[in-house]
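Just below is one structure, and these are the notes that go with it.
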Amino acid sequence: MSNQLSRRKLITTGFAAVAGVAGLATASRVAEHYGLIPPDSGGIWGPGATLNYAAQRMLMSHHSLAREFNRSDVSKVTPVSGLAPKNEIYDRLQRGNFAEWRLKIDGLVARPGLFSLEEIKRMPPRTQITHQACEEGWSFISEWQGVPLAHVLHTVGISPRARYAVFYALDDAWDSLDLPDAYHPQTFLTYGMNGADLSNDHGAPLRLRVARQLGYKSLKFLNRITLTDGLKHVGNGKGSISPDLGYSWYAGI
Amino acid sequence: MADSTYVAMPASQPAEAQDSPRHSAVVRLTHWIFTLSFFGLVVSGFAIILAHPRFYWGETGGKGGPSLFDLPLPTMLGGPSGWGRSLHFQSAWLAVIAGSLYIVSGVLTRHFRNDLLPARAELSPGSLREILLHHIRFKKPADDQSYNVLQRLSYLGVVFVVFPLMILTGFAMSPAITSVFPWLVVMFGGHQSARTIHFFAASFLLLFLIVHITMVILAGFTSRMRAMITGRIHPGKVES
């Protein structure tokens, strides 16, 4: 009797194991299909990063908006993490008030091109007063002026094959957003902060603003945006410079 | 299933059934998974604090502004907060999975109601005073099967008050989650208030851990460890 029971236990365990593996494989296929797997899902921190991203993408499927504040809530102290780049190109550009600077948009778009700061400022401007938290723990509230990235993407006409927008900066940093965040109404290309031009340390001439993620996703000193259908062949293949520095690609936290 | 009666019949002897385990298999399993994840959370939490060992009240706060208090720790920018954050979330997921299993099983098996909910008589001032005096005099607790009222209250408080507070203040610091549930952060009075409460609740849990381990040692380290590993207080009987 105990023999039969243990054989049964063995068979049941075997079935459970096979079902478990098949279930996991199916779950990962389904998750991949619905865009729930982040580019840095490999490695030892992959499980946590993937669960964070998948759980929050499902939670935010109705394109929730980050909280907005009043002008009276704007912080007097606005710390920075990482100063303006110290290289010849940036020096020359900022001496000329960024008149020579261009934003290059290419990749899977119908009308690739170069945009001057003046052209970007002529696009329909928007402002947001939002909270920005650094992964270190500090935070501030600012009013940001810029153009919604969605407007810029409509202008260049992105291909139906595009799945990510990759951003490059004058300080050699780079990062990327999936389309739900790229098209989010609070994702801006900003050129102004608290009523003035963006300061160099805050990311002049153009800074990405991603209201539903930590500050490090709001890449500064932009000079190029590329639309791609995947991130495996971009840079380190993990979607951003952050995983190389120990930080996750997705920073909705 | 023709032979499903095998499963329905109790496999153990009647004598063994009477000597039921002190801790159920689910409690033991989740206890040790939770131990692992709690260790990960404490180590990584400390690593995260090192990036900015200052605390604030309200929505915002940072370098160059006033703080509520500063911890006497070095500020390690670019230090361990990268892997710290990754370890924190990986451990948190493990803790939430183990914790959910523990809570669902505790409700279904009536573990909370039968073993942790204090009887009304135990909550009378007289009986509370008596048990407090017992503890203050470091009297070795009786080796009985049930928890005393102080244990019941502290376990219930940690499971149903402090851990939910940790999770909610953690959520309140996520710009993605608060975009869906803004009341989470409003309820705590702002992003930085939530961070500060998260720190105090974590400190309280560390204090609880120290008391917990001290009590285990005082009550008999070997027998309590055996109880949490094999389910039995006494050696020689391994739970089937």
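Chain A is the first sequence line, chain B the second, and so forth, proteins listed ahead of strands; every chain is numbered from 1. The model shown is predicted, which means the values in this text are computed figures rather than measured ones.
The parts of B/W83 that come within reach of chain A are both its backbone and its side chain, each placing non-hydrogen atoms under 4.5 angstrom from that chain. Of the atoms belonging to B/L94, not a single heavy atom falls under 4.5 Å from chain A. Of the atoms belonging to B/Q192, it is side-chain heavy atoms, and not backbone ones, that fall under 4.5 Å from chain A. If you measure heavy-atom distances from A/H63 to chain B, you find no contacts under 4.5 Å at all.
Taking A/P47, A/G48, A/S139 one by one and counting their heavy-atom pairs under 4.5 Å with chain B, the maximum is reached by A/S139. Contacts with chain A were tallied for B/T178, B/T75, B/L87, B/V186; B/L87 has the most, counting heavy-atom pairs under 4.5 Å. Here A/L51 is the residue among A/L245, A/L51, A/V77, A/T130 with the most heavy-atom pairs under 4.5 Å with chain B. With chain A as the partner, the residue from B/P182, B/S179, B/A176 showing the most heavy-atom pairs under 4.5 Å is B/S179.
For the residue pair A/I44 and B/Q90, the shortest heavy atom distance occurs at O-NE2, 2.6 Å. Shortest non-hydrogen contact noted between B/S81 and A/Y247 is OG-OH, 3.4 Å. Here the closest non-hydrogen pair linking A/L59 and B/I177 is CD2-CG1, 4.1 Å.
Taking CZ of A/F140 as the start and NZ of B/K63 as the end, the distance is 10.5 Å to the nearest 0.5 Å.
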Q.
Assess the residue pair A/N52 and B/W93 against the criterion (side chain to side chain contact (heavy atoms under 4.5 Å, CB included)); give the C-alpha distance rounded to whole Å, side-chain angles, the decisive distance to 0.1 Å, and a yes or no.
A. CA-CA 9 Å; A/N52 280 352; B/W93 275 107; 2.7 Å; yes
(Q) Applying side chain to side chain contact (heavy atoms under 4.5 Å, CB included) to B/T60 and A/W138, what does each step give before you reach the verdict? (A) CA-CA 7 Å; B/T60 63; A/W138 48 272; over 6 Å; no
Q: Decide side chain to side chain contact (heavy atoms under 4.5 Å, CB included) for B/M76 and A/E136; before the verdict, give the C-alpha distance in whole Å, the side-chain angles of both, and the deciding distance to 0.1 Å.
A: CA-CA 10 Å; B/M76 292 173 66; A/E136 288 166 8; over 6 Å; no
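Inspection of non-hydrogen atoms places A/A211, A/R212, A/Q213, A/L214 of residues 209-219 of chain A under 4.5 Å from chain B. Along residues 32-55 of chain B, the residues that come nearer than 4.5 angstrom to chain A, judged on non-hydrogen atoms, are B/I48, B/A51, B/H52 in order of number. At a heavy-atom cut-off of under 4.5 Å, chain B is reached by A/S64, A/L65, A/A66, A/R67, A/F69 from residues 64-74 of chain A, listed in order of number.
With A/H131 contributing its side chain and B/E59 its backbone, the two residues share a donor-acceptor pair below 3.5 Å. Checked by atom type and distance alone, the side chain of B/S174 pairs as donor or acceptor with a backbone atom of A/G252 at under 3.5 Å. Here the side chain of A/E135 pairs no donor or acceptor atom with the backbone of B/R85 at under 3.5 angstrom.
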Extract all donor-acceptor atom pairs below 3.5 Å that involve side chains of residues 155-171 of chain B and protein atoms in other chains or at least two apart in sequence.
residue : atom : partner : partner atom : Å
B/Y155  : OH   : B/H212  : ND1          : 3.4
B/T169  : OG1  : B/L165  : O            : 2.7
B/T169  : OG1  : B/M166  : O            : 3.1
B/T169  : OG1  : B/H198  : ND1          : 2.9

